[in-house]
Amino acid sequence: MTRTELLARLRTTPRWDVLVIGGGATGLGCAVDAAARGHSTLLLEAHDFAKGTSSRSTKLVHGGVRYLAQGRIGLVREALAERATLLRNAPHLVHPQRFVVPVYRQWDRLMLGVGLSAYDWLAGSRSLGASKLLSVAETIAALPTVRQWGLVGGIAYMDARFDDARLAITLMRTVLDLGGLALNYLPVEGLRREDGQVRGVEARDAERGERFTVAARVVINAAGVWADDIRRLDEPTTSSQLAPSQGAHVVVDRDFLPGDTALLIPHTADGRVLFIIPWQGKVLLGTTDTPRHDTPLEPRPLAAEIDFILDTASRYLTRPPTRSDVRSAFAGLRPLIGSGQGSATASLSREHVIQVSKSGLVSVAGGKWTTYRRMGQEIIDRAEAAGGLVRRASATENLRLHASPDSPSNDVLGTDRHSIAGLPGANRQIHPALSLSEAEVRYAARFEQARSVEDVLARRSRALFVDTTAASEAAPAVARILADELGWTEIQASEMTEAFHQLAEGFR
Ligand SMILES: Cc1cc2nc3c(=O)[nH]c(=O)nc-3n(C[C@H](O)[C@H](O)[C@H](O)COP(=O)(O)OP(=O)(O)OC[C@H]3O[C@@H](n4cnc5c(N)ncnc54)[C@H](O)[C@@H]3O)c2cc1C
């Protein structure tokens with residue numbers, strides 16, 4: 001469906017059952033759950049799907065080894081159950097990942113071994129394979145570039161990794177498959193009331209300026225770190241609920257960690273863990289935990305965060321990565337629930353809180369990607385009550401997401417690949433260093449709501465997050481194809497290219 005057709009549906013639907021504000025993991029999880037129950041569902045995203053935190057995660061579908069160390073058993077157990085659900089329902093986007101923790105003190109080997117056995121036990125029948133103590137030789141075989149001096153062995157365990165932005169695009173497609181509507185570039189700017197109750201929103205088409213008054217039985221605020229802003233549209237004097245924390249990542253070439261095994265550094269100087277993960281033909285390193293008082297749309301990693309990641313990794317790798325090895329650096333803001341600003345955020349809650357205001361606005365704060373489906377289910381249970389909707393059971397536990405193949409596949413496009421093969425340019429690569437074809441760009445414009453060069457190079461493909469220089473070089477070609485698909489003038493195409501170049505500067 002074209003944007004014109006999607007907007008026509010928005011204009012002609014008199015009232016929705018469920019209206020979701022925010023197209024990140026949380027909002028998309030709500031919209032899929034509501035649509036799968038048969039409620040008429042609308043999701044409005046101010047920018048692009050996953051433009052916020054949901055494209056900037058560490059790409060792990062995990063119980064959270066660190067949360068286990070904090071004794072948060074319920075959270076870990078639930079997340080491990082969701083890991084199994086996601087592997088089943090999105091086998092093109094979520095994959096088992098082997099990790100090895102290199103150990104330099106016998107005591108750590110013992111403690112970590114016990115902890116990871118508990119992790120296996122919590123996964124129960126959904127375990128992806130038991131954790132295992134490794135000898136020095138086995139550790140080096142799994143991690144050929146690990147620092148060998150003082151190494152006493154390692155511990156291997158299984159978790160899962162995914163492509164976060166692609167999962168968001170897939171969820172958006174799933175909403176449409178289920179008969180719902182999800183639209184990007186439609187910021188919500190006000191709430192609409194009936195008898196004092198929130199019964200819809202005022203939104204604006206960010207591209208053409210058209211204003212929409214949209215009626216809905218219940219409105220869900222899933223605006224991530226911006227959720228407090230929406231809560232204030234409802235209750236202007238309400239206090240902030242979120243204590244955002246920034247996490248940075250850097251991406252370096254594969255030769256820093258060849259092979260398929262990821263490395264977990266169990267203790268960083270600030271009492272956290274650091275992951276070094278093979279991802280998209282490169283290696284992803286992260287993350288940090290830096291309290292922030294503001295919530296910019298495009299947070300930049302601080303120089304100190306990049307140095308911290310590189311320094312920490314250097315202690316564990318034979319060849320230390322330096323600033324000049326960084327192919328891309330990005331940051332995201334965790335929507336953590338907390339009180340008071342400036343406190344250390346590493347211990348604040350990763351769990352979520354659902355609140356229903358006096359006027360019936362359902363707000364959600366916190367959470368993680370791994371548990372997006374469970375959160376969606378709980379939020380829609382609450383929303384059905386708040387909006388007086390017919391109560392229906394959630395139907396997402398066994399819902400295969402859009403384009404899911406029958407068996408695991410490394411092609412993020414899943415069964416959509418067949419449609420792409422028939423489009424012009426299926427064999428024309430955009431850039432020698434990127435796996436992106438002309439046909440994939442056309443597909444993104446026609447079927448995945450890509451509206452800008454950034455939408456294609458940051459979230460439909462992950463080029464910006466993987467290789468900033470190659471992404472910048474590819475931008476003019478992507479703009480030319482999008483101009484053809486979306487009817488841009490030459491001036492618009494060069495403006496879009498320039499906007500992308502400026503954005504990419506922040507990822508260097
Ligand atoms: C550094 C880092 C690493 C992480 N790693 C992991 C991990 O490995 N595994 C894991 O499970 N979780 C991880 N997380 C957590 C996970 O990424 C987040 O919990 C999740 O992405 C939050 O999704 P969200 O939908 O709540 O927020 P967002 O993704 O930010 O979505 C909110 C959306 O609301 C939109 N919006 C805001 N205002 C409006 C408005 N007025 N109208 C319409 N739309 C609006 C925004 O544009 C945005 O797209 C990580 C988080 C960070 C920061």
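No experiment lies behind these values; they were computed from the predicted model shown. Order of listing sets the numbers, starting from 1, for every ligand and every atom in it. Throughout, numbering of the chain's residues begins at 1 and tracks the sequence.
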Residues at least two apart in sequence or cross-chain that pass side-chain contact (heavy atoms from CB on, under 4.5 Å) with Ala403, listed by chain then number, are His92, Thr415, Asp416

Using a 4.0 Å cut-off on heavy atoms, what residues surround ligand 1? Order them by chain and number.
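Correct list: Ile21, Gly22, Gly23, Gly24, Ala25, Thr26, Leu44, Glu45, Ala46, His47, Gly52, Thr53, Ser54, Arg56, Ser57, Thr58, Lys59, Leu60, His62, Pro187, Val188, Ala222, Ala223, Gly224, Trp226, Ile230, Gly247, His249, Thr287, Gly332, Leu333, Arg334, Gly367, Lys368, Trp369, Thr370.
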
Under-4.0 Å salt bridge between [X] and [Y]:
| X | Y | result |
| --- | --- | --- |
| Asp467 | Arg462 | no |
| Glu189 | Arg211 | yes |
| Arg373 | Asp33 | no |

When rounded to the nearest 0.5 Å, the distance separating CG of Leu191 from CZ of Arg232 is 13.5 Å

More than 12 heavy atoms of other residues, nucleotides or ligands under 6.0 Å from CZ of Arg208: yes or no?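 Not more than 12 within 6.0 Å, no.
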
